[in-house]
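Report on the structure given below.
The figures here come from the full heavy-atom set of this structure, side chains too, leaving out hydrogens, waters and symmetry mates. If you read the sequence from its start, that first residue is 1, and numbering goes on from there.
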Amino acid sequence: MEDIRLIVGLGNPGRGYEKTRHNAGFWWVDAIAERKRAAWKRETKFSGYTTKVEEGAREFLLLKPATFMNESGRSVAALLRFFKIEPAAMLVVHDELDLPPGTVKLKKGGGTGGHNGLTDVVEVLGTRDFWRLRIGIGHPGHKDLGADYVLAKARREEQEAIDPAFDRSLDLLPWLAKGRMTDAMTWLHTAPKATPEAGPDGPTAGVVPVQTGTQSPKKKP
């Protein structure tokens, strides 16, 4: 059983970045907060925005660093230190160039794939031993095009592919609450059935899909 206590969404602050591909991590934690009717609070000691949500008997801290992407690590580290949370009890949600739109994957540890925010978190914490939720945004075809690509909005057909998988991934929260990470991976990585299921205890009633790309200010990414 894995005990996740903190969920971090990576992104860039400011309205100009809200709908960009690089803000997929912000989209995810914003969607969870919206589902749970949780309000974000600016926390200067964490250089970010925080809120808390409950799932079953469990409480999760959510964090959106208010640094720019390249400096996400100091925000994450400050919160971990304050609440005495080990990195292994953290899930970081981020955009992933190496996955196509419509793919969401869960994994623990491993490389950063050149993702600047994830790289900074690893460097500041000195460990890769934490969970990641990778939201596929596709690749522009050449590494030199990556920076402009992630800071642009997804094309309509890409967003139409992203949205269903993104909405389904929000139903990971009940799995996290039960600490069933291996089962969570199996569920997430298995193609959904015709009748959508929503977590370890069956369907979630009354949940309205959340529109992505519409979320909550150093150094540019």
Side-chain angles (χ1 to χ4, degrees), residues 4 6-12 17-40 49 51-56 58 60-64 90-107 115 117-118 131-139 150 152-178 180-216:
I4 299 296
L6 169 65
I7 303 174
V8 179
L10 295 184
N12 284 306
Y17 294 103
E18 285 179 356
K19 298 182 181 181
T20 64
R21 298 178 177 99
H22 220 16
N23 271 39
F26 275 15
W27 302 349
W28 202 89
V29 291
D30 275 334
I32 291 292
E34 183 175 333
R35 278 191 172 192
K36 297 294 185 178
R37 296 178 172 84
W40 291 100
Y49 296 88
T51 191
K52 295 179 181 179
V53 299
E54 293 182 357
E55 178 65 41
R58 294 294 310 281
F60 297 93
L61 279 165
L62 305 184
L63 171 67
K64 294 191 297 183
M90 174 177 69
L91 171 68
V92 176
V93 189
H94 63 91
D95 58 297
E96 178 58 71
L97 283 167
D98 292 333
L99 293 176
T103 303
V104 181
K105 297 287 187 181
L106 181 66
K107 76 170 187 175
H115 189 288
L118 199 58
W131 287 89
R132 300 96 179 272
L133 185 65
R134 307 157 65 213
I135 300 172
I137 59 169
H139 199 285
V150 299
K153 298 177 185 178
R155 298 190 297 270
R156 174 189 279 186
E157 63 271 22
E158 294 171 340
Q159 197 67 55
E160 288 174 351
I162 289 169
D163 286 346
F166 179 96
D167 289 341
R168 182 172 184 262
S169 74
L170 299 174
D171 292 328
L172 277 170
L173 204 62
W175 297 98
L176 303 185
K178 291 179 177 291
R180 293 168 55 182
M181 302 302 287
T182 299
D183 290 341
M185 283 192 288
T186 300
W187 171 78
L188 183 64
H189 300 171
T190 301
K193 298 176 183 177
T195 301
E197 75 280 33
D201 298 316
T204 299
V207 173
V208 179
V210 179
Q211 182 181 358
T212 60
T214 53
Q215 288 64 42
S216 41

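With sequence neighbours excluded, the residues satisfying salt bridge (Lys or Arg N to Asp or Glu O under 4.0 Å) with R134 are E96. With sequence neighbours left out, the side-chain hydrogen bond (donor to acceptor under 3.5 Å, both in side chains) criterion links K107 to no other residue.
Checked for salt-bridge contact, R35 and D171 meet the test: a charged N lies under 4.0 Å from a carboxylate O. A salt bridge links R155 to E158: at least one charged side-chain nitrogen sits closer than 4.0 Å to a carboxylate oxygen.
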Legend entry - From CA spacing to verdict: side chain to side chain contact (heavy atoms under 4.5 Å, CB included), I4, M181: CA-CA 9 Å; I4 299 296; M181 302 302 287; 4.0 Å; yes

Inset, instruction - I would like to know whether V53 and I7 meet side chain to side chain contact (heavy atoms under 4.5 Å, CB included); could you show each step before the answer? - result: CA-CA 10 Å; V53 299; I7 303 174; 6.0 Å; no

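With hydrogens and angles disregarded, a donor-acceptor distance shorter than 3.5 Å links the side chain of N23 to the backbone of Y17. In terms of modelled atom types and a separation under 3.5 Å, the side chain of K36 and the main chain of E54 share a donor-acceptor contact. Judged purely by atom type and a 3.5 angstrom limit, R58 has no side-chain atom pairing as donor or acceptor with the backbone of K178.
Across all their heavy atoms, W40 and V29 have their closest contact at CZ2-O, 3.7 Å. Contact detail for M185 and L106: the closest heavy-atom pair is SD-O, 3.3 Å. In terms of heavy-atom proximity, W27 sits nearest to T20 at CZ2-O, 3.3 Å. Here the shortest heavy-atom pairing between T103 and A165 reads N-CB, 4.4 Å. Nearest heavy atom pair, residue I162 against residue A154, reads CD1-CB, 4.3 Å. The two atoms that bring N12 and F26 nearest to each other are O-CE2, 3.6 Å, heavy atoms only.
In this structure the side chain of E55 never reaches within 4.5 angstrom of the side chain of L176, judged on heavy atoms. Looking at K105 and L188, their side chains never come closer than 4.5 Å, going by heavy atoms from C-beta outward. Side-chain contact between I32 and L173 is present, with heavy atoms from C-beta onward closer than 4.5 Å.
Atom-to-atom distance recorded for T51:OG1 and E34:CD is 12.5 Å, nearest 0.5 angstrom. Remark: Q159 CD to I137 CD1 distance equals 10.5 Å, nearest 0.5 Å. To the nearest 0.5 Å, the span separating CG on D95 from CG on L10 amounts to 8.0 Å. Annotation: the span from L91 atom CG to W28 atom CH2 amounts to 6.0 Å, rounded to 0.5 Å.
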